[in-house]
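The structure appears below as structure tokens.
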Amino acid sequence: MIRLSDSVKCLKGVGEARASRLARLDVHSVEDLLFLFPRRYEDRRKVSKLSEVVPGSVRSSTVKVVSVESRISSKKRVPLTEAMVSDGTALASVIWFNRRNLDKVISVGTSIALHGDVSKRGGIVQFVDPEVEVLWDDRPPRQVGCIVAVYPLTAGLTDRWMRDVMDRALVDALPSLEDPLPDFIRAELGLADLHTALRNMHRPPSPEAWREARKRVAFDELFALQVGLAMVRRDRERTVGAVSLPCNGPLRGSLERALPFVLTSGQSKALAEIGEDMASEVPMNRLLQGDVGSGKTAVALLAMMQAVDGGAQAALMVPTSVLAQQHGARMEAILAHHGVKTATLIGGLSQSERASMLRDIASGVVDVVIGTHALIQEDVSFKNLGLVVIDEQHRFGVLQRGAIAKKGVMPHTLVMTATPIPRTLALSVYGDLSVSVIRTMPKGRIPVKTRTIGEHKLDDLYGFMEREIEQDRRIFWVCPIIEESEHLDAGPLEERFYVLVQRFGEKVAMVHGRMPLAQRQEVMASFASGEKPILACTTVIEVGVDIPEATVMVVENAERFGLSQLHQLRGRVGRGDEQSWCFLLGKPKTSEGIKRLEALCRSSDGFVVAEADMEIRGPGEICGVRQHGLTDFKVADLIRDCDLLDLARERAFRLVGEDRDLSSFPSLRDAVLRRYGRKLGIATTA
Ligand code: ADP
Ligand code: MG
């Protein structure tokens, strides 16, 4: 018996050379081979009688050889093998090219199966260079009369060979494969058993059988990840030590009343969920999802007040220092009235300013700290940090969360993201987090109109911009930049800046990430005030900047930006009462690129855009999920299999809830740890 962990070389017919070719498909062990799934199938179940074969089609037939002969073609000097075959209903001719040894294998009277293109020549049917399978002892054919698999191929391995070697693995090795899925779950969900499923993935007797097989294999993939995520949550629940921060304190209440608006229902619901988590001693780990402009900041502010009410400190980390500055200034303006002390910790402070700020944070004089993500890295020490809010905008926060956990005491954590992540993806990647979603937008928002425009329409655009400026509105003009941190000169940005200056003169300002902070703030201020109503910029403005007068967003070379990034950029306008516009310049070169821009023009709803993004690019690409390698399933598909994902998640969390170390399911535990242990950082000892 061959073991699953054995090298593929243990299979008959696999030598050094073929093993190294299989290695290119990432197949090393026999088990790898069994889990190398076909990329498609050919339905060859219908075997035609020669009398019924129609020229101009692809056919399968089983026949006997009547005559066979090899020669070199007179014109092209290629070796030819020609045969006449019969199945009792008609005669047909067959021609093969370059099959030197074929006439040694087949001779008069040999039974063979043929599959290939059929034409007509000299009045009879001719198979042109068909696949051929010799039917020794009149055994039933394996390459025709059935559904055959087509595998991902690499040079030097043919489909035919792959099918043969897979057949051997299915016979010789599959029986020793243990099924890691608990039997009761399999039975409950009516899933196929693993052996049958694998056999039918490679050799489906019918499309229905294949669907059942696929469902089982897809379920296993989703289930393994969900079990991993359930174990991560289990680990977190085991680490005791968050401070319970009750939600009925005075500050949170009076701040909520002091806001110039009433919370939307989405904001209230999210805040209630957060408040409840923070009141618990299990550290909160919650994701707050809400489209750009949905008002996440207000929710964060009130959550921070709950922390201060409970005698703890709160920290808000934002992606850029411009934002830190902006949030810091606003929060200070609001909070100072309520006796809450804030500190904005950013680069560019003087040594002594910084030192005294750090002292006040360490001694607890400061209640709320606002800064960039460097807050965590720089090892700022807090007296009593109760809540960390991470405003990720459109990035994923796995790394940052890790950094917080390392600081010993466990604050409650709230990660905010403006990328509306499709639900199935959120469950797969953020699966150990609780998720709150704000779907409602503040009242009175007018959806931004989005258009793609060509270079030849630039003049119209400039005219439009002039009219907008006359009405005291602001215009962002975003240029892409290649690795902002490495290049001092902004390249395309500067070019565009000079073109705009020629047209609009003094009205144009420019900002990019390499500018000193103070200068950047100055530029932003002159833009916000309307002194310079056109801002040529890089994506430094992408995140969070809140200027209600901004009504036009122009994105140059839009095809270079990801869909979610474009959606983010668009979110910078449409924050006031006026109709706003987003113009996408540039020519996407791929159909994928065109589809992406179309999706953006079609909808201003971030969730719709995100679903489209996932459909166009696949889940691995969106939101940089790929780097985590959590969703690179072989079979499961987060769009098609969302129902299966729900089942897998529910069963996985229940199972880990009941048997926290999976001690009754060692093969499941091992399989999950092998696949996800390191990636998810699952504790291996209780
Ligand atoms: P985001 O979710 O993108 O961070 P912000 O928190 O920046 O959104 O909010 C966007 C704008 O909407 C801000 O100007 C904010 O003051 C305003 N806002 C937030 N909540 C409401 C509300 N419930 N009603 C009206 N305006 C609101
Ligand atoms: Mg925001």
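We use all heavy atoms of the structure for the numbers below, so side chains are in, but hydrogens, waters and symmetry mates are not. Note that ligands are numbered from 1 as they come in the structure, with each ligand's atoms numbered from 1 the same way.
Considering every non-hydrogen atom in both Met553 and Leu569, the closest pair reads CE-O, 3.1 Å.
Side-chain atoms of His412 come within 3.5 Å of backbone N or O of Met278 as a donor-acceptor pair. The closest donor-acceptor contact from the side chain of Glu256 to the backbone of Leu302 lies at 3.5 Å or more, if one exists at all.
No part of Ile438 comes within 4.0 Å of ligand 1, judged by heavy-atom distances. Only the backbone of Leu263 comes within 4.0 Å of ligand 1, judged by heavy-atom distances. No part of His327 comes within 4.0 Å of ligand 1, judged by heavy-atom distances. If you look at Arg575 next to ligand 1, the close heavy atoms, those under 4.0 Å, all belong to the side chain. Contacts with ligand 1 closer than 4.0 Å are made by no heavy atom of Lys443, backbone or side chain.
Which parts of ligand 1 touch Thr297 is read off a 4.0 Å heavy-atom cut-off, strictly below it: atoms 4 (O), 5 (P), 6 (O), 7 (O). Residue-ligand proximity, Val262 to ligand 1, at heavy-atom distances under 4.0 Å covers atoms 22 (C), 23 (N), 24 (N). Near Asp291, meaning under 4.0 Å from one of its heavy atoms, ligand 1 places the atoms 2 (O). Near Ser294, meaning under 4.0 Å from one of its heavy atoms, ligand 1 places the atoms 2 (O), 8 (O). Close contacts of ligand 1 with Thr264, meaning ligand atoms under 4.0 Å from a residue heavy atom, involve 23 (N).
For Phe261, no nitrogen or oxygen atom sits less than 3.5 Å from a nitrogen or oxygen atom of ligand 1, counting backbone and side chain alike. Between Gly290 and ligand 1, a contact under 3.5 Å exists for no N or O pair.
Within 6.0 Å of the CD atom in Gln471, the count of heavy atoms belonging to other residues, nucleotides or ligands exceeds 12. Within 6.0 Å of atom CG in Asp577, 12 or fewer heavy atoms from other residues, nucleotides or ligands are found, so the atom counts as exposed in its surroundings.
Tested against Arg473 for a salt bridge (Lys or Arg N to Asp or Glu O under 4.0 Å), the candidates Glu466, Glu549, Glu468 yield a single pass: Glu468.
Considering Gly266, Ser265, Pro442, Gly571 only, the shortest heavy-atom separation from atom 25 (C) of ligand 1 involves Pro442.
Using a cutoff of 4.0 Å between basic side-chain nitrogens and carboxylate oxygens, Arg252 and Asp309 are not scored as salt-bridged.
In this structure, Arg330 does not count as a contact residue of ligand 1, since none of its heavy atoms falls inside 4.0 Å of the ligand.
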* Carefully, step by step, assess Arg570 and Ser604 under the rule side-chain hydrogen bond (donor to acceptor under 3.5 Å, both in side chains). => CA-CA 9 Å; Arg570 176 168 63 178; Ser604 59; 5.8 Å; no
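Taking the six-membered ring where tryptophan is involved, the planes of Phe476 and Phe527 are tilted, since the angle between them lies from 30° to 60°.
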